[in-house]
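Heads up: the structure comes next, in structure tokens.
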Amino acid sequence: MTFLAPQTQTSIEFAADLIRHSKHAVILTGAGISTPSGIPDFRSSGTGLWSRDEPLEVASLITFRTKPGQFFEWFRPLALQMYEARPNPAHLALAELEQHGYIKSIITQNVDTLHQKSGSKTVIELHGTMQTLTCTQCYHQVQAEAYIASFIECGELPRCPKCAQLLKPDVILFGEQLPQSAWFKAQKEARGCDLMLVIGSSLEVLPVAGLPMQALDRGAHLIIINNVPTYLNVRADVSIHRRLIDISRDLASTLDLDILLSRIVHAAAEISGAEAASILLYDDASRQLYFQVSTNMDESTRRGITVPLDGSIAGWIVTNRKPVRITDAHEDQRFYSNVEAITGLSTESLLGIPLITKNKIVGVLEALNKHRGKFTEADESLLLVLGVQAAVAIENTRLFQQSDLISEFVHELRTPLSSLSTATYLLLRPEMSQDQRDQIIQNIHSETMRLNALASSFLDLARLESGRVQYRKTIFSLADLMYECKDIMATKAVEDNIHLRVESPEGLPLVDADRDKIKQVFLNLLSNSIKYNRPNGSVLLRAEIHDNEIMVVIQDTGIGIPEEALPHLFQKFYRVREHETRASGTGLGLSICKQIVQGHGGRIEVKSKMSVGTVFMIYLPRTNKTVPRDGSIDISPKRAKK
Ligand code: ADP
């Protein structure tokens with residue numbers, strides 16, 4: 001699963017719930033849904049189609065009638081882009097949702113037909129379509145493809161096959177009314193829906209922008225996914241900034257701190273509409289901040305600039321752990337002007353937020369000079385969400401880079417590697433008997449296996465510790481999982497002559513957890529309880545229902561653990577010295593178990609008595625759901641609603 005900021009994650013889950021529980025969900029899409037398909041957005045600053053030409057002039061009915069050459073000149077690259085564009089995952093997802101009965105219709109402001117190309121059936125096109133052309137003289141309508149293709153290729157203006165007059169694309173131009181039947185249908189959908197999901201529309205053009213309001217007025221829920229806030233975000237049940245989803249994905253894909261931070265500052269500048277953005281990291285030892293990355297400074301400029309903790313806005317943010325919004329930085333007493341002198345960028349407005357993770361301040365994210373107007377509260381919220389992700393990512397990357405684990409791991413590798421090298425050296429000696437050689441080969445084999453296990457466990461633990469493991473939670477029956485684990489371990493138990501059994505009480509509630517990860521914990525503990533047992537010993541896997549949690553117990557009649565070893569048991573690479581000759585292991589299993597259980601909001605405990613046995617207790621939060629009488633569990637996320 002993607003690494004998302006908690007807020008974004010929760011918003012998405014909530015939005016999914018609203019869709020799942022709606023009876024009549026309607027989608028309203030705007031240009032934003034098609035920008036990832038390569039069709040430029042009409043309004044976004046810098047990238048928009050309209051920013052190059054004056055829309056009211058060129059994309060109007062008047063221009064079409066009076067200066068068709070100019071109109072078609074504007075239209076040609078647009079037509080080319082639309083014909084070449086392919087549906088993106090958002091279009092495809094909507095088509096799939098419709099297919100599964102989750103949504104009833106799509107109202108779109110787009111003319112690119114990408115919804116239809118992706119398989120959506122009920123599409124209401126409010127701004128017309130690129131699929132057809134109509135004669136301005138005799139109203140004869142033709143399929144656009146052949147005409148547009150030859151127009152794109154040789155620039156030949158499309159003409160009516162009947163009367164040779166110009167054919168007009170059936171898209172709604174400025175000065176034209178919305179198609180009546182589509183508009184009526186859209187209004188009917190808006191008034192009749194119980195959920196409207198607006199995707200990629202800034203809701204700036206009336207009357208379409210009024211459709212979500214009509215839905216809200218009739219009690220429908222509203223979800224907005226867009227790259228800028230709309231006038232209705234305050235009334236939406238959920239609003240998700242599209243760029244935050246993209247950046248979350250981006251962040252998850254790299255552990256290189258520089259690349260990561262560069263992505264974050266560019267996203268920060270983009271979503272807050274700022275001229276520049278920077279991240280300053282705080283160095284506790286020197287009580288200074290230094291520019292780690294910036295959209296407007298190259299490395300050589302950046303290097304060497306430090307900002308003092310006292311007497312700077314960034315320093316104030318670090319000390320007070322609060323965001324700052326300033327309209328005129330020069331008027332602010334805290335402003336530290338030295339940076340401006342080096343970069344040459346005059347600072348006017350400024351928005352800065354603290355980067356905090358695990359209650360530790362790691363730095364400051366600053367956006368400078370809002371393109372239009374002042375930095376708003378909405379900009380601040382967006383930067384804060386981004387800041388959460390940035391701080392976690394910085395910390396994780398640092399953790400990963402500096403992890404003690406790596407040096408511990410290298411240290412751990414030394415023993416098996418040196419025994420392998422001794423073994424190969426011995427094998428080369430001519431005086432070795434065949435029996436001795438067989439024994440050495442056997443040792444090489446088991447050490448290699450141990451190295452392999454060590455490497456996989458190490459990677460597992462490193463990922464768990466860095467916080468990058470996402471738990472894929474489902475609701476499942478714990479009893480079933482316990483029996484499944486017993487079956488998996490049965491052969492090993494028989495081999496070692498251990499009696500293995502499961503006890504699960506009646507009405508054991510279901511648990512909401514990552515089944516595979518919990519299974520990994522059970523298997524690890526069961527394997528230990530067999531490995532460190534005595535001949536003819538036994539292992540019991542049982543569950544108990546407590547008030548707010550379920551306790552799973554793995555109890556053995558084994559050799560036990562000395563009391564002085566118990567406090568160290570969950571430490572990385574820790575193995576009880578007396579056990580080392582008895583069974584091979586990595587000393588990482590219990591650390592992994594602890595990480596997983598704690599990652600689920602639970603805890604793990606151990607009790608042991610030498611020569612009597614050991615008990616591991618896992619406590620997991622419980623749900624209120626129990627396994628139905630017929631044993632079936634309905635956790636299916638899909639619900640056919642046709
Ligand atoms: P390993 O794979 O080396 O056994 P673990 O992290 O799973 O690593 O366990 C750490 C140590 O704890 C083991 O080396 C062993 O000494 C001790 N231990 C774990 N489980 C038991 C048990 N059920 N009985 C006795 N000792 C145990």
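These numbers come from the heavy atoms of this one structure, side chains and all, not from hydrogens, waters or symmetry mates. Atoms within a ligand are numbered from 1 in the order they appear, just like the ligands themselves. These figures come from a predicted structure and were not determined experimentally.
In terms of the side chain to side chain donor-acceptor pair (under 3.5 Å) criterion, Gln595 has no residue partners (sequence neighbours excluded). Glu578 meets the side chain to side chain donor-acceptor pair (under 3.5 Å) test with no other residue; sequence neighbours excluded. For His568, the ring pair (Phe, Tyr, Trp, His ring centres under 6.0 Å) criterion is met by Tyr574, not counting sequence neighbours.
The 4.0 Å heavy-atom shell around ligand 1 contains residues Asn528, Ser529, Lys531, Tyr532, Asp556, Gly560, Ile561, Leu569, Tyr574, Arg575, Val576, His579, Gly585, Thr586, Gly587, Leu588, Gly589, Leu590, Thr614, Phe616, ordered by chain and number.
Here Arg515 pairs with Glu484 in a salt bridge; the nearest charged N to carboxylate O distance falls below 4.0 Å. Remark: Lys609 does not engage Glu563 in a salt bridge, criterion side-chain N to carboxylate O under 4.0 Å. Glu503 and Arg501 are joined by a salt bridge, as a carboxylate oxygen and a charged side-chain nitrogen come within less than 4.0 angstrom of each other.
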